[in-house]
Amino acid sequence: QVQLVESGGGSVQPGGSLRLSCAASGSIFGINFMGWYRQAPGKERELVARISSSSITYYADSVKGRFTISRDNAKNTVYLQMNSLKPEDTAVYYCNAELLTQRTIADNFWGQGTQVTVSS
């Protein structure tokens with residue numbers, strides 16, 4: 001029943017910007033964290049950014065200073081503002097969330113992924 005739906009991917013030139021959105025819907029009692037992973041062809045999936053319920057953020061070293069994660073609690077939505085994009089940012093970006101499906105039970109969920117392509 002719980003779903004994560006991503007949007008905002010696309011193709012941009014190096015130095016460009018994109019903003020990804022991920023909206024969680026369904027029977028959600030709370031959010032422990034929401035974040036973004038990415039996977040490029042031939043590479044392992046990596047955590048890009050995450051924001052917790054207490055607003056603690058994490059960024060991969062490769063995106064620090066360029067990406068910003070934020071959330072809108074009222075909409076159960078997390079955003080990833082990506083600036084100064086580089087070709088090495090090209091990947092499928094997956095929304096990931098640990099959500100409370102009951103008062104004391106947390107489950108992990110994944111979105112379907114959205115393609116980000118950075119090229120000239």
Side-chain angles (χ1 to χ4, degrees):
Q1 295 183 8
V2 174
Q3 294 184 352
L4 303 178
V5 180
E6 304 110 323
S7 63
S11 182
V12 298
Q13 294 182 321
S17 297
L18 287 171
R19 188 177 73 157
L20 305 182
S21 299
C22 174
S25 63
S27 299
I28 301 170
F29 292 83
I31 301 172
N32 285 344
F33 65 79
M34 297 185 73
W36 297 89
Y37 285 73
R38 68 185 181 187
Q39 188 166 27
K43 299 184 65 177
E44 63 184 6
R45 187 172 298 188
E46 64 173 343
L47 177 62
V48 177
R50 175 184 289 164
I51 184 167
S52 73
S53 60
S54 58
S55 297
I56 297 173
T57 57
Y58 165 86
Y59 296 96
D61 288 342
S62 59
V63 306
K64 285 182 179 178
R66 300 188 297 120
F67 292 10
T68 303
I69 191 167
S70 61
R71 68 185 182 195
D72 184 334
N73 290 336
K75 298 180 179 180
N76 289 335
T77 299
V78 65
Y79 305 94
L80 185 67
Q81 179 66 46
M82 305 185 295
N83 297 327
S84 301
L85 284 163
K86 304 175 180 180
E88 50 262 47
D89 295 318
T90 296
V92 177
Y93 284 69
Y94 297 91
C95 183
N96 174 250
E98 185 175 283
L99 307 175
L100 293 171
T101 56
Q102 299 182 35
R103 295 292 184 183
T104 59
I105 298 178
D107 290 317
N108 200 49
F109 298 91
W110 292 91
Q112 293 184 343
T114 184
Q115 178 70 47
V116 171
T117 301
V118 185
S119 66
S120 300

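Positions are given from 1 along the sequence.
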Selection residues 89-120 - residue pairs positive for disulfide (SG to SG under 2.5 Å), sequence neighbours left out: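 Only Cys22-Cys95 qualify under disulfide (SG to SG under 2.5 Å).
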Disulfide (SG to SG under 2.5 Å) pairs, two or more places apart, involving residues 42-73: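 Applying disulfide (SG to SG under 2.5 Å) to every pair that reaches into residues 42-73, excluding sequence neighbours, yields nothing.
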Partner set under ring-ring contact (aromatic ring centres under 6.0 Å, His included) for Tyr37, not counting sequence neighbours: Trp110
Sequence-distant partners of Gln3, side-chain hydrogen bond (donor to acceptor under 3.5 Å, both in side chains), two or more places apart: none
Transitive ILVMFWY cluster of Ile105, excluding itself - 4.5 Å side-chain cut-off: none
Connected hydrophobic set around Val5, excluding itself, where side chains approach under 4.5 Å: none
Taking side-chain hydrogen bond (donor to acceptor under 3.5 Å, both in side chains) as the cut-off, I'd like each qualifying pair that reaches into [range], sequence neighbours left out, listed once.
range: residues 9-26; answer: Ser17-Asn83
range: residues 98-108; answer: Asn32-Glu98, Asn96-Asn108, Thr101-Asp107
range: residues 69-79; answer: Ser55-Arg71, Arg71-Asn73

CD-CG distance between Gln81 and Leu20, expressed to the nearest 0.5 angstrom: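 Spacing of CD (Gln81) from CG (Leu20) equals 9.0 Å.
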Pairs meeting criterion salt bridge (Lys or Arg N to Asp or Glu O under 4.0 Å) with involvement of residues 27-36, two or more places apart: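 Passing the test, one end in residues 27-36: no pairs.
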Please tabulate, for side-chain N and O atoms in residues 57-65, each donor-acceptor pair with protein atoms closer than 3.5 Å (sequence neighbours left out).
unit_1: Tyr59; atom_1: OH; unit_2: Ile69; atom_2: N; d: 2.8
unit_1: Asp61; atom_1: OD1; unit_2: Lys64; atom_2: NZ; d: 3.2
unit_1: Ser62; atom_1: OG; unit_2: Arg38; atom_2: NH2; d: 3.3

Same apolar cluster: Leu99 and Leu80, side chain cutoff 4.5 Å: yes
Taking distance alone, no hydrogens or angles, what donor-acceptor pairs closer than 3.5 Å link side-chain atoms of residues 111-120 to residues at least two apart or in another chain?
unit_1: Thr114; atom_1: OG1; unit_2: Gly9; atom_2: N; d: 3.4
unit_1: Gln115; atom_1: NE2; unit_2: Ala91; atom_2: O; d: 3.4
unit_1: Gln115; atom_1: NE2; unit_2: Thr117; atom_2: OG1; d: 3.3

